[in-house]
**Q** 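Starting off with a structure, shown below.
Throughout, a chain's letter reflects where its sequence line sits, starting with A, and its residues are numbered from 1.
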2 protein chains.
Amino acid sequence: MQLPEVDTARMCHARQILDRVGDKWSIAVIHALGADTLRFTELKRTIHGISQRMLTATLRTLERDGLVRRTVHPVVPPRVDYELTELGMTLLGIVCSLMGWAVEHGDAIDEARAAYDARPAGSPTG
Amino acid sequence: MQLPEVDTARMCHARQILDRVGDKWSIAVIHALGADTLRFTELKRTIHGISQRMLTATLRTLERDGLVRRTVHPVVPPRVDYELTELGMTLLGIVCSLMGWAVEHGDAIDEARAAYDARPAGSPTG
DNA sequence: TTCTCCTGGTTCCGTTTGGTAACTGACCCC
DNA sequence: GGGGTCAGTTACCAAACGGAACCAGGAGAA
């Protein structure tokens, strides 16, 4: 079928990049940081479902990948700010598109899900 | 900070949609099906790292969400084709953007990762 | 007839991941 | 001096994930 030959090796590389970029928590964090620099607890409040454990792990990974910058203020109580790097900013547009898509098509997905669950046992296939 | 108020409730809804859309295997499957209709084993070959178990589960989820259409041909040996629905097509563009981003910035991420790993114990923060 | 092959898919079992929640550490307030 | 706050870690446990073997079922070979 003559796929565009996007460098199969590069594709594999992309796949492992997507292992984390395509992570739901990473997407949520990047989207949250897209609006503004946030502190740890602010992120936790913003991304309701996330646990401290995963927030920490996700932020560490994103920081390691150069997508998020972590700034520690040596004050009391401790203050740690997180913001997108320029590399992270380049991803923000896509993440926002993804978020926008989810918001826009959320109802369609719910309907499809309901329709699927209502099927007896198999669909007429066509 | 006056976030645009994108309906906090809708945002939460989007988040749970992203639970699966933001799944690495889902992204890989959608991207693979973006080029052409594929059979089960073709998908398995295309998405190298995936196991039958996860491929089956991912396809079921995507089918349930109305993103992928599953067509069973009652022939021998069994033939099952998977293709994107129109809803899936609307997501394809974003997924391709994500893939393109990963390909484009993969090296930058590798460098950032190497730099992070080379840090002694803490960064100067400034 | 019997045996194997081919494909899509499921089940069993071990590993990894993620959630819960309690704890740390330094300082402020009472 | 004890409790509270913020950022983060750790222990524990359940669920999800991955691998490999097994299942179904008809075609073709022996």
**Q** In whole angstroms, how far is the P atom of C/dA21 from the NZ atom of A/Lys44?
**A** 12 Å
**Q** In whole angstrom, what separates B/Leu43's CG from C/dG9's C1'?
**A** 14 Å
**Q** Measure the OG1-NE2 distance between B/Thr71 and B/His73 for me, rounded to the nearest 0.5 Å.
**A** 5.5 Å
**Q** With side chains defined as the heavy atoms from C-beta onward, is the minimum distance between B/Glu83 and B/Val68 less than 4.5 Å?
**A** no
**Q** Of all the heavy-atom pairs spanning A/Arg69 and A/Thr85, show the shortest one and how long it is.
**A** N-CG2, 3.7 Å
**Q** Is a salt bridge present between B/Asp23 and A/Lys24, judged by a nitrogen-to-oxygen distance below 4.0 Å?
**A** no
**Q** Closer than 4.0 Å, any side-chain N/O of A/Trp25 to the OP1 or OP2 of C/dT17?
**A** no
**Q** Quick one: A/Ile47 CD1 to C/dG19 P, roughly how many Å, whole number?
**A** 12 Å
**Q** Which pair of non-hydrogen atoms, one from B/Gly66 and one from B/Leu87, has the smallest distance, and what is that distance?
**A** O-CB, 3.6 Å
**Q** Quick one: stems for DNA chain D, with Watson-Crick or G-U pairs under 3.5 Å, at least three in a row?
**A** C:1-30 with D:1-30
**Q** Nearest-Å distance, CD1 (B/Ile50) to C1' (C/dG8)?
**A** 14 Å
**Q** Find the distance between OH (B/Tyr82) and OG1 (B/Thr37) and round it off to the nearest 0.5 Å.
**A** 12.5 Å
**Q** Kindly compute the distance separating CZ (B/Arg60) from CG (B/Asp65), expressed to the nearest 0.5 Å.
**A** 13.5 Å
**Q** In this structure, how many angstroms lie between the C1' atom of C/dG18 and the CG atom of B/Asp23, rounded?
**A** 14 Å
**Q** Between SG of B/Cys96 and CD1 of B/Ile27, what distance do you get to the nearest 0.5 Å?
**A** 11.0 Å
**Q** Return the polar atom pairs (N/O with N/O) between nucleotides 6-10 of chain D and the protein under 3.5 Å, or none.
**A**
{"unit_1": "D/dC6", "atom_1": "O3'", "unit_2": "A/Arg39", "atom_2": "NH2", "d": "3.1"}
{"unit_1": "D/dC6", "atom_1": "O3'", "unit_2": "A/Pro78", "atom_2": "O", "d": "3.1"}
{"unit_1": "D/dA7", "atom_1": "OP1", "unit_2": "A/Arg39", "atom_2": "NE", "d": "2.9"}
{"unit_1": "D/dA7", "atom_1": "OP1", "unit_2": "A/Arg39", "atom_2": "NH2", "d": "3.2"}
{"unit_1": "D/dA7", "atom_1": "OP2", "unit_2": "A/Thr41", "atom_2": "N", "d": "3.0"}
{"unit_1": "D/dA7", "atom_1": "OP2", "unit_2": "A/Thr41", "atom_2": "OG1", "d": "2.6"}
{"unit_1": "D/dG8", "atom_1": "OP1", "unit_2": "A/Arg70", "atom_2": "NE", "d": "2.9"}
{"unit_1": "D/dG8", "atom_1": "OP1", "unit_2": "A/Arg70", "atom_2": "NH2", "d": "2.5"}
{"unit_1": "D/dG8", "atom_1": "OP1", "unit_2": "A/Tyr82", "atom_2": "OH", "d": "3.1"}
{"unit_1": "D/dG8", "atom_1": "OP2", "unit_2": "A/Tyr82", "atom_2": "OH", "d": "2.9"}
{"unit_1": "D/dT9", "atom_1": "OP1", "unit_2": "A/Arg60", "atom_2": "NH1", "d": "2.9"}

**Q** Between P on C/dG8 and CG on B/Asp81, what's the gap in Å once rounded to a whole number?
**A** 9 Å
